[in-house]
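Encoded as structure tokens, the structure appears first; notes follow it.
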Amino acid sequence: MGDLTRAKDHLTIEQVKKKMKEAKDPRELQRWHIVSTALIQPRKAEEIAKCVGVSKSLVHKVIARYNRKGIQSIEVKIGGGRYYEYLAKEEEKQFLAPFFQLAEKGELTTTREIHIAYEKQIGHSVHKTTIYRLLERHSWRKIVPRSRHPKADIAAQETFKKTSLPL
């Protein structure tokens, strides 16, 4: 027979229910649900896991963190984000500023130029997809000329081709 999984009473049950309603993402709600279940009806971790629909190890982790650190351990966003970055977002914005200015003047700016400057800035080579992702993060889009004018009269063009004199 295993021990019961209990949560310390950092908050009352009503406060925990309020926190569940205010949860910002599904994972935070799930963590609050685990704490709520352990507060209301302490039982084995396997039973809590089955009730909430998570793994036994997650129940152990959440309750241990909650008992040790309190509310902050539940409200912290776990997972996701930019773990590996060469430059912070603000630094990237400053790096791209001259290229944006050139493009606004109508001068041609290529990804090759940006790639070379980026490698020079960070001090080593990077794959070309790094540059494309960088440009996408900062809403840079490829603008190409239209293949034809939107107000073009195709019928008039065809008659002109038929009636014009050959060179």
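All values derive from a computational prediction rather than experimental measurement.
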Separation between CD1 of Ile74 and CG of Leu29, rounded to the nearest 0.5 Å: 11.5 Å

From CH2 (Trp32) to NZ (Lys21), nearest 0.5 Å: 14.5 Å

From Gln121 atom CD to Ile114 atom CD1, the distance as rounded to the nearest 0.5 Å: 12.5 Å

Cluster overlap Phe99 with Tyr86, hydrophobic side-chain contacts below 4.5 Å: yes

Where at least one partner belongs to residues 113-137, residue pairs that pass salt bridge (Lys or Arg N to Asp or Glu O under 4.0 Å), sequence neighbours excluded: Glu92-Arg137

Separation of Thr129 OG1 from Ile131 CD1 (nearest 0.5 Å): 9.0 Å

CZ-NZ distance between Arg31 and Lys61, expressed to the nearest 0.5 angstrom: 12.0 Å

Leu11/Val35 under side chain to side chain contact (heavy atoms under 4.5 Å, CB included): CA gap, chis, key distance, verdict: CA-CA 10 Å; Leu11 297 173; Val35 171; over 6 Å; no

Identified side chain to side chain contact (heavy atoms under 4.5 Å, CB included) partner of Thr5 from the options Thr37, Ile34, Ile63: Ile63

Aromatic ring proximity, centroids under 6.0 angstrom, Phe100 and Trp140: yes

Test log, rule side chain to side chain contact (heavy atoms under 4.5 Å, CB included), inputs Val16 and Thr12: CA-CA 6 Å; Val16 171; Thr12 64; over 6 Å; no

Residues Lys19 and Glu28 bridged, charged N to O under 4.0 Å: no

Ile122 with Leu96, same ILVMFWY side-chain cluster at under 4.5 Å: yes

Derivation and outcome, side chain to side chain contact (heavy atoms under 4.5 Å, CB included), residues Leu39 and Lys8: CA-CA 8 Å; Leu39 274 174; Lys8 286 188 179 176; over 6 Å; no

Heavy-atom side-chain contact between Val126 and His115 under 4.5 Å: yes

Co-membership, hydrophobic cluster, residues Ile116 and Leu134, 4.5 Å side-chain: no

Under 3.5 Å donor-acceptor, Ser73 side chain and Lys69 backbone: no

Asn67 side chain to Arg6 backbone, donor-acceptor under 3.5 Å: yes

Heavy atoms of other groups near Phe95 CZ, more than 12 under 6.0 Å: yes

Heavy-atom donor-acceptor pair, Thr163 side chain to Thr159 backbone, under 3.5 Å: yes

For Arg43 against Cys51, the heavy-atom pair lying closest together: NH2-SG, 3.6 Å

Minimum heavy-atom distance Gly53-Gln30, with the two atoms named: O-NE2, 4.4 Å

Sequence-distant partners of His124, side chain to side chain donor-acceptor pair (under 3.5 Å), two or more places apart: none

Euclidean distance, Gln101 CD relative to Thr109 OG1, rounded to 0.5 Å: 10.5 Å

Short N-O contact, Lys44 and Glu47, less than 4.0 angstrom: no

Derivation of the side chain to side chain contact (heavy atoms under 4.5 Å, CB included) call for Glu75 and Ile71: CA-CA 7 Å; Glu75 293 178 341; Ile71 302 164; 3.6 Å; yes

